[in-house]
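In what follows, every heavy atom counts, from backbone to side chain, and hydrogens, waters and symmetry copies are set aside.
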Amino acid sequence: LVVCFDAKINFDDNAEFRQKEIFSQNDTSESDPLECEAAKYDLKYIGMDGNIACFVNGAGLAMATCDIIELHGGKPANFLDLGGGVQENQVYQAFKLLTADPKVEAILVNIFGGIVNCAIIAHGITKACRELKLKVPLVVRLEGTNVNEAKRILDESGLPITSASNLEDAAQKAVASMVPK
């Protein structure tokens, strides 16, 4: 009698500070390289099959963003969750990750800034656009803390950033920005 078993166990990232020995055994050899790179900057990244990158804060907002992109005829390329205590460098690193995916033909940023300061997001976006010489359409929807300052930063940047007033508007603009092949 031969019996074979296989298993995968995941540990909550929030337990890492208490479970250093367990986390030191993490084998990333079979993980997506972009997911591993994202984790270095405290970002959550899940690759998908589409061509519109989703850059959001919060898993629920990420799922809603992916769904509404599909509702309007697009396909999400990923699910990138910025989380809550974001810094400008994380925004920059997120854009590096998104633009590293050759399938990405547009980026939709959808941030609801409850804990997140939208001005920090805006500074990170403008820095990333300039330094990475962003070549794909960028649609940005920001709402929440410091949103007026953030919108001013984006408007005065001189960069080709399309602003959206709400999530539906953002999804429609992201899908429309795609160049038909």
Side-chain angles (χ1 to χ4, degrees), residues 8 10 13 16 23 26-70 72-113 116 118 120-142 150 153-154 157-164 167 170-171 173-181:
K8 180 177 180 178
N10 287 318
D13 295 347
E16 186 173 0
F23 279 85
N26 188 18
D27 176 12
T28 58
S29 64
E30 293 185 28
S31 298
D32 179 328
L34 286 176
E35 287 181 26
C36 294
E37 187 64 20
K40 292 178 186 176
Y41 301 101
D42 238 359
L43 303 168
K44 304 291 183 224
Y45 178 93
I46 298 170
M48 299 168 93
D49 293 332
N51 52 7
I52 299 176
C54 303
F55 177 29
V56 303
N57 67 315
L61 193 58
M63 290 187 293
T65 303
C66 289
D67 287 347
I68 201 161
I69 285 172
E70 289 208 28
H72 289 288
K75 289 280 191 195
N78 69 285
F79 173 117
L80 192 146
D81 179 4
L82 197 55
V86 67
Q87 298 301 315
E88 189 177 317
N89 182 53
Q90 287 173 295
V91 176
Y92 176 80
Q93 294 301 330
F95 269 85
K96 278 180 69 175
L97 287 165
L98 297 175
T99 56
D101 183 346
K103 296 185 315 263
V104 169
E105 297 176 24
I107 298 173
L108 191 164
V109 175
N110 184 23
I111 301 294
F112 183 79
V116 173
C118 291
I120 291 172
I121 301 290
H123 282 297
I125 289 171
T126 57
K127 176 183 177 182
C129 287
R130 286 189 176 102
E131 292 183 16
L132 300 173
K133 297 178 179 29
L134 189 67
K135 294 176 177 52
V136 297
L138 173 62
V139 178
V140 178
R141 182 262 180 163
L142 300 172
I153 291 164
L154 296 178
S157 71
L159 295 164
I161 297 169
T162 302
S163 292
L167 178 52
K173 287 177 176 176
V175 171
S177 75
M178 304 295 296
V179 179
K181 291 185 178 180

Verdict with supporting geometry, Ile125 and Leu138, side chain to side chain contact (heavy atoms under 4.5 Å, CB included) = CA-CA 10 Å; Ile125 289 171; Leu138 173 62; 3.8 Å; yes

First locate atom NE2 of His123, then atom CD of Glu88, and finally report the distance between them rounded to the nearest 0.5 Å.
-> 6.5 Å

Decide yes or no on side chain to side chain contact (heavy atoms under 4.5 Å, CB included) for Ile52 and Val139, but give the supporting numbers first.
-> CA-CA 10 Å; Ile52 299 176; Val139 178; over 6 Å; no

Heavy-atom closest contact (Glu105 atom, Pro137 atom, distance) = O-CD, 3.1 Å

For the residue pair Ala59 and Asp81, what are the closest heavy atoms and their distance?
-> N-OD2, 3.5 Å

Side chains of Val109 and Val91 in contact at under 4.5 Å (non-hydrogen atoms) | no

Output for pair (Leu108 CG, Thr162 OG1), nearest 0.5 Å, gives 10.0 Å

Give a yes or no on whether the backbone of Val104 and the side-chain of Asn51 come within a donor-acceptor separation of less than 3.5 Å.
-> no

Shortest non-hydrogen contact from Thr28 toward Cys36 = CB-SG, 3.6 Å

If a pair satisfies side chain to side chain donor-acceptor pair (under 3.5 Å) and one of its residues is in residues 52-70, list it, with sequence neighbours excluded.
-> Thr65-Asn110

Interatomic spacing from CD in Glu35 to CG in Asn78 - rounded to 0.5 Å = 10.5 Å

Value rounded to 0.5 Å, distance of CD in Gln87 from CD1 in Ile121 = 9.5 Å

Could you check if a side-chain atom of Leu159 sits within less than 4.5 angstrom of a side-chain atom of Leu154, using non-hydrogen atoms only?
-> no

Side chain to side chain contact (heavy atoms under 4.5 Å, CB included) between Asn89 and Tyr92, worked out = CA-CA 5 Å; Asn89 182 53; Tyr92 176 80; 4.2 Å; yes

At their closest point, which heavy atom of Ala77 faces which heavy atom of Tyr45, and how far apart are they?
-> O-OH, 4.4 Å

So, Lys103 side chain and Met48 main chain: donor-acceptor pair closer than 3.5 Å or not?
-> yes

Rounded distance [0.5 Å steps], CG in Leu132 versus NZ in Lys96 = 7.0 Å

Where is the tightest heavy-atom contact between Lys173 and Ser163, given as atom of each residue plus distance?
-> NZ-O, 2.8 Å

Rounding to 0.5 Å, atoms CD1 (Ile107) and OG (Ser177) come to a distance of 10.0 Å

Please assess Asp49 against Lys75 for the test side chain to side chain contact (heavy atoms under 4.5 Å, CB included), listing each intermediate value before the final yes or no.
-> CA-CA 7 Å; Asp49 293 332; Lys75 289 280 191 195; over 6 Å; no

Nearest heavy-atom contact between Ile69 and Val175 is O-CG2, 3.9 Å

